[in-house]
Amino acid sequence: MNAAVTLGTLERLKQNGEKIACVTSYDASFTVLLEAAGVDVVLVGDSLGNVIQGHDSTLPVTMEDMIYHAACVARAGKSALRIVDMPFMSYASVSQALENAARLMREAGAQMVKLEGGRHVVETVRALTEHGMPVCAHLGLTPQSVHQLGGYRVQGRDADAAGRLLEDARLLDDAGAGALVLECIPSALAAQITAGVSMPTIGIGAGLDCDGQVLVLYDLLGITPGKRPVFSRNFLEDAADIPQALQAYVKAVKDGSFPGPEHSFD
Ligand code: KIV
């Protein structure tokens, strides 16, 4: 069995320039396969709203949904660090965030919680970490704000937006966030953020220079209904079976062959 991955492990990987491999998981069986393939982090993402529940956004996902799926993952999980998404409007105030993050940890085995947003969640991040609940922040394309963003599109392309994201990342780092997901932003901006913060960054559509990569499991296996997101790759295409596809993903992240320029944005 692989040694258990902790926040300290992620920090060490960042310092040593070793890439972090992260994949979403929503159930026990896939969690076993992901850990056997050498994945460092499993994310119980609210993307389950899309890929499991068939919604067209993550907005309908509830705390009860997250607790159910995170508990399934936790029952099987042994080695990978387990991050669990806080669903839409479950952290609208600091006190609500404290209560709901504690539920994810106590009832569902979360080892770190993830929430979306920049400067407006800085106080929440500080309060959670001060209470012993590690936080993964999430900047760029934040799917819970899809209607405010006007759709699923690349963020941070103009200088003002890029500067704001960089500043948000620094504020979140100072507030104690232990990791940062960067979704759909230009590769050069992701590289600048990664170099400018102490926490590890985990990219999805954010280029090769992040400290790690994450993909939605169903995208990685090419079984997401509809169009494949540009930033993902179907690793099952060239593999004999699912375990081999997962191993190929981990290898490609670790050796820097994924993501390629075709999975990234300028
Ligand atoms: O919910 C999710 O799966 C995520 C990843 C896309 C980063 O937040």
Side-chain angles (χ1 to χ4, degrees), residues 10 20-27 30-31 34 39-63 65-70 72-73 80-91 101 104 108 110 112-118 121 135-146 149 152-155 165 169 172 177-185 190 193-194 199-207 210-221 223-233 249 253 258-259 263-265:
L10 300 191
I20 298 162
C22 174
V23 183
T24 66
S25 189
Y26 317 102
D27 69 26
F30 271 116
T31 300
L34 287 165
V39 162
D40 302 301
V41 179
V42 291
L43 167 66
V44 186
D46 61 355
S47 51
L48 68 85
N50 303 88
V51 297
I52 304 275
Q53 297 175 331
H55 296 298
D56 63 1
S57 79
T58 58
L59 304 191
V61 176
T62 64
M63 274 296 295
D65 295 332
M66 293 311 301
I67 288 172
Y68 174 79
H69 286 280
C72 294
V73 170
L81 182 74
R82 205 160 39 250
I83 306 181
V84 181
D85 259 333
M86 300 198 68
F88 179 57
M89 289 302 285
S90 68
Y91 50 98
L104 292 176
M112 183 177 219
V113 295
K114 179 164 84 58
L115 48 81
E116 299 180 3
V121 296
V135 179
C136 176
H138 184 157
L139 288 174
L141 171 52
T142 45
Q144 291 174 12
S145 310
V146 60
L149 298 175
Y152 296 99
R153 54 184 63 166
V154 180
Q155 301 296 308
L165 283 175
L172 291 162
L180 171 65
V181 167
L182 293 172
E183 180 164 353
C184 290
I185 63 170
I193 293 175
T194 300
M199 60 188 162
T201 61
I202 303 179
I204 174 164
C210 296
D211 297 308
Q213 299 293 327
V214 57
L215 280 183
V216 169
L217 173 66
Y218 288 30
D219 292 345
L220 182 168
L221 296 176
I223 56 171
T224 307
K227 216 173 122 224
R228 175 185 68 79
V230 202
F231 51 76
S232 81
R233 183 172 133 195
Y249 166 75
V253 169
F258 178 82
H263 309 115
S264 308
F265 304 103

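Reckoned from all heavy atoms, side chains included, excluding hydrogens, waters and symmetry mates. Predicted model only: the values in this text are computed from it and were never measured. Order of appearance sets the numbers: ligands from 1, and atoms from 1 within every ligand.
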**Complete:** Among non-hydrogen protein atoms, atom 8 (O) of ligand 1 lies closest to Lys114 NZ, 2.9 Å

**Request:** Could you pull out, from Gly45, Ser47, Ser25, the option with a heavy atom nearest to atom 3 (O) of ligand 1?
**Result:** Ser47

**Request:** Would you indicate whether the side-chain heavy atoms of Tyr26 and Cys72 approach each other to under 4.5 Å?
**Result:** no

**Complete:** Out of Leu43, Ile202, Val181, the nearest non-hydrogen contact to atom 5 (C) of ligand 1 is supplied by Leu43

**Asked** Can you list the atoms of ligand 1 that are under 4.0 Å from a heavy atom of Thr24?
**Response** 3 (O)

**Complete:** Rounding to 0.5 Å, atoms CG (Leu115) and OG1 (Thr142) come to a distance of 11.0 Å

**Message:** For a 4.5 angstrom cut-off between non-hydrogen side-chain atoms, does Leu48 reach Met66?
**Reply:** yes

**Fill in**
Any heavy atom of Asp46 under 4.0 Å from ligand 1? The part involved is both

**Request:** Please work out whether any backbone atom (N, CA, C, O) or any side-chain heavy atom from C-beta onward of Ile204 is under 4.0 Å from ligand 1, and answer side chain, backbone, both or neither.
**Result:** side chain

**Asked** What is the minimum heavy-atom distance between Pro229 and Asp219, and which atoms define it?
**Response** CG-OD2, 3.4 Å

**Request:** Mind listing the closest non-hydrogen atom pair of Gly117 and Leu172 along with its distance?
**Result:** O-CD1, 3.7 Å

**Prompt:** Where does Asp85 meet ligand 1, judged by heavy-atom distances below 4.0 Å: at the side chain, the backbone, both, or neither?
**Reply:** side chain

**Asked** Side-chain contact, heavy-atom cut-off 4.5 Å: His263 with Ser232?
**Response** no

**Item:** Polar proximity ligand 1 side, Tyr26 side, N/O cut 3.5 Å exclusive
**Value:** no

**Asked** How long is the span from the OG1 atom in Thr201 to the CD1 atom in Ile193, to the nearest 0.5 Å?
**Response** 8.0 Å

**His138 neighbourhood, listing ligand 1 atoms whose heavy-atom distance to it stays under 4.0 Å** = 8 (O)

